[in-house]
2 protein chains.
Amino acid sequence: MQSEKVTKAGQAETKRGYVDACGTAHALELIGERWSLLVLRELMLGPRRFSELKGDLPGISANVLAQRLGELESRGLARRARLPPPASVQVYEATQWGLEAEPIVQALGRWAARSPRHDPTLPISGVSILLSFRTMFDPARARGLEARIGFVFGDMSYVLTIASGALTVARGNVEGCDAVFTGQPEQLAAVVYGGAPVETLQVDGDRVLATRFTNLFELPSKAQ
Amino acid sequence: MQSEKVTKAGQAETKRGYVDACGTAHALELIGERWSLLVLRELMLGPRRFSELKGDLPGISANVLAQRLGELESRGLARRARLPPPASVQVYEATQWGLEAEPIVQALGRWAARSPRHDPTLPISGVSILLSFRTMFDPARARGLEARIGFVFGDMSYVLTIASGALTVARGNVEGCDAVFTGQPEQLAAVVYGGAPVETLQVDGDRVLATRFTNLFELPSKAQ
DNA sequence: CCGTATCCAATAAGATACTG
DNA sequence: CAGTATCTTATTGGATACGG
C-alpha cells in the first residue's frame, strides 16, 4: 500500500501527495485521509480495541479501519500494544506525538460548532463528548468549583476532574466521584448542548452539582 | 454533484458523510476533502483568482480546483467576487467564517512541524510562508521591536508589521517598509527555517533588521 | 470473537483536451 | 483566462469469506 505502483505504460508512480513544504499540507498527508483523524480521536483517551473503534465510528468498514490503523502506525502516530494478562488482548494506542494532535481536533471542533448545518442529534462516541467538554469548557463558569464527575457509557467509564479552573479527563473507575452520569453519550449531548432537561439523565450522587456541571460549556454562535 | 443519485436497485443514496455529531467530524465534512483546506489557506490573506490558486497549488487539476471552490462557496466558506474596475476580474475570497478556520491551519502546521518526514525543500506559496510566520512567531525574541517588513514574490507583495510583541500580515504595497525581501518564498523559508545564510536573499533597506527578523521564528523539535 | 483478505460497485481524483 | 468535458486511475465502502 505504501510502495510504488507501475502503470500499464511502465511508469513508476509515487503515492499521491501534495507538493508543498507548508506544514499544513504535510499534516494533511499524515492525517488527511478520510477517517484518519477520527480514528486518532478515538485513541485520545487511552487504548482501544479494533471492535470498539469500529463500533464508535459508524460507517467505517473493517478493511478501511485496518488500513487507517496501519497508516497511523507506520507514521508514528499510533502503535499496537497488548494489554497485560489476564486481558492479554490487542489494542491500539496513540503515541505521544499522536496525542499532541488534540489541538487540531479541538480547533476543528470549535470551528465547526459555528456551522449552520451541524446536526447535533447524530450518534456521538463517549470519547467525542468528553473531548468536547475539554474544548468547550468555560473556566469563568467553574469559578470556585472543585469536583469529580463520573461517566458510564456501557462498559467504558471516565472520570472528569475540575480543580483550580482546569478540567481534566481520563478513563477510569467512577467510584468516589461526586456525581455520576450513566447512559448514552447522545443523551448527555442533548442536555449539555441541546438544552434538554437534566432530568432525562440518570444521575447518581450530587444532583445539584450535576446540574451545574451541565451548564459549564458554551457553544459559539452560528456563522452567517 | 450535491443531489441524490439512484442506483440500479432504485434505492436513494445520500452523499457520503460521517454519521457523527462530533464537531470534528462535521468540520471534516466541510473542509476534509483533499485540497479543500489548502485552497482555503490560499484565500487567507485576500482574494485570489483561479489561475493564481492553480499556480500556487502544484498538482491540483482545474476540474478539482473548480469543484473545491464550488464546495467552499456552497458551504459558506468562500464566495466569488469581482474586483472593482478597471481590473474587473473575477476572484474568490474567503468569508468571515472561512477566515476563522485559520486556527485549524495553524494547529496542523505547528503539529506537522514536528514530523520527522517533513521535507522543507518543496515549493511553498507566498501565503503559506507568511501564515507560517504568524504561527511560529516568538514574541519573546521580538521584545522591543517595531518594524514593517515587506515581501515581494513575483507580482504579489505583502507587508508584515511587528508592534507591541504582535505580528500582523496583510497584502499591500511595500513602500515605506523598513526592509523588503524580494525573491521566491522558498529562499525565505530556507533562511528562516533551514539555517541558510541571509546573504542568499535580496534585501532592500535595513539589513540588520532583516537579519534579526529571520531569527524571530522557532520550529518545534522533532517527534521521536 | 478478532481481525485479515478478497472481490465488486460506486465515488473521487487526476490528466488532458477543448470552448467562450 | 476561466473554467468544462471526457476519459482513466485510485480510493472507498460493503459484503462476504477466511484463519487464529
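Values in this document were obtained by computation on a predicted structure and should not be read as measured data. We name chains A, B, ... by the order of the sequence lines, and we start the count at 1 in each one.
Rounded to whole Å, the distance from CD on A/Gln67 to C1' on C/dG3 is 15 Å. Taking atom CZ of A/Arg68 as the reference point, atom P of C/dG3 lies 18 Å away to the nearest angstrom. At whole-Å resolution of the value, CH2 in B/Trp35 and P in C/dA15 are 9 Å apart. Taking atom CD of B/Glu71 as the reference point, atom C1' of C/dT11 lies 12 Å away to the nearest angstrom. The interatomic distance linking A/Gln90 (CD) with C/dG3 (P) rounds to 5 Å, in whole Å. Going from atom OH of B/Tyr18 over to atom C1' of D/dT12 covers 11 Å, rounded to whole Å. Nucleotide C/dA12 holds its C1' atom 14 Å from the CD atom of A/Glu33, rounded to whole Å. B/Leu83 has its CG atom 16 Å from the P atom of D/dC1, to the nearest Å.
Centroid-to-centroid, the aromatic rings of A/Phe213 and A/Phe151 come within less than 6.0 Å.
Using a 30° and 60° split on the angle between ring planes, A/His26 and B/His118 fall in the parallel class, below 30°. Ring orientation note: the planes of A/Trp35 and B/Tyr18 are nearly perpendicular, at an angle over 60° on the 30°/60° scale.
An angle of 30°, rounded to 10°, separates the two end axes of the helix from C/dC1-D/dG20 to C/dG20-D/dC1, each defined over five pairs.
Of the charged side-chain nitrogens involved, at least one lies within less than 4.0 Å of a carboxylate oxygen, so that B/Arg75 and B/Glu33 count as a salt-bridged pair. Ion pairing between a basic and an acidic side chain is recognised when a charged N comes within 4.0 Å of a carboxylate O; A/Glu102 and A/Arg134 show such pairing.
A donor-acceptor contact under 3.5 angstrom links the side chains of B/Ser128 and B/Arg41, judged on distance only.
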Go through it in stages, so that I can follow the logic: the residues are A/Arg114 and A/Lys222, the test is side-chain contact (heavy atoms from CB on, under 4.5 Å), and I'd like the CA-CA distance, side-chain angles, deciding distance and then a yes or no.
CA-CA 4 Å; A/Arg114 299 202 57 203; A/Lys222 297 290 182 189; 5.6 Å; no

Between A/Arg79 and A/Glu93, does the side-chain contact (heavy atoms from CB on, under 4.5 Å) criterion hold? Intermediate values first, please.
CA-CA 6 Å; A/Arg79 70 173 78 89; A/Glu93 64 180 5; 2.8 Å; yes

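If you check every strand for non-hydrogen atoms under 4.0 Å, A/Ala66 touches sugar and phosphate atoms only.
On a pure distance criterion of 3.5 Å, no polar donor-acceptor pair joins the side chain of B/Asn63 and the base of D/dG3.
Distances shown here put a side-chain N or O of B/Arg80 below 4.0 Å from the OP1 or OP2 atom of D/dG3. B/Arg34 has a side-chain polar atom (N or O) that falls below the 4.0 Å cut-off from OP1 or OP2 of C/dG14. Distances shorter than 4.0 Å separate some side-chain N or O of B/Tyr92 from OP1 or OP2 on D/dG3.
For DNA chain D, the neighbouring residues in residues 42-60 of chain A, judged by any heavy atom under 4.0 Å, are A/Gly59.
Among residues at least two apart or in separate chains, there is no salt bridge (charged side-chain N to carboxylate O under 4.0 Å, His left out) pair with a member in residues 150-159 of chain B.
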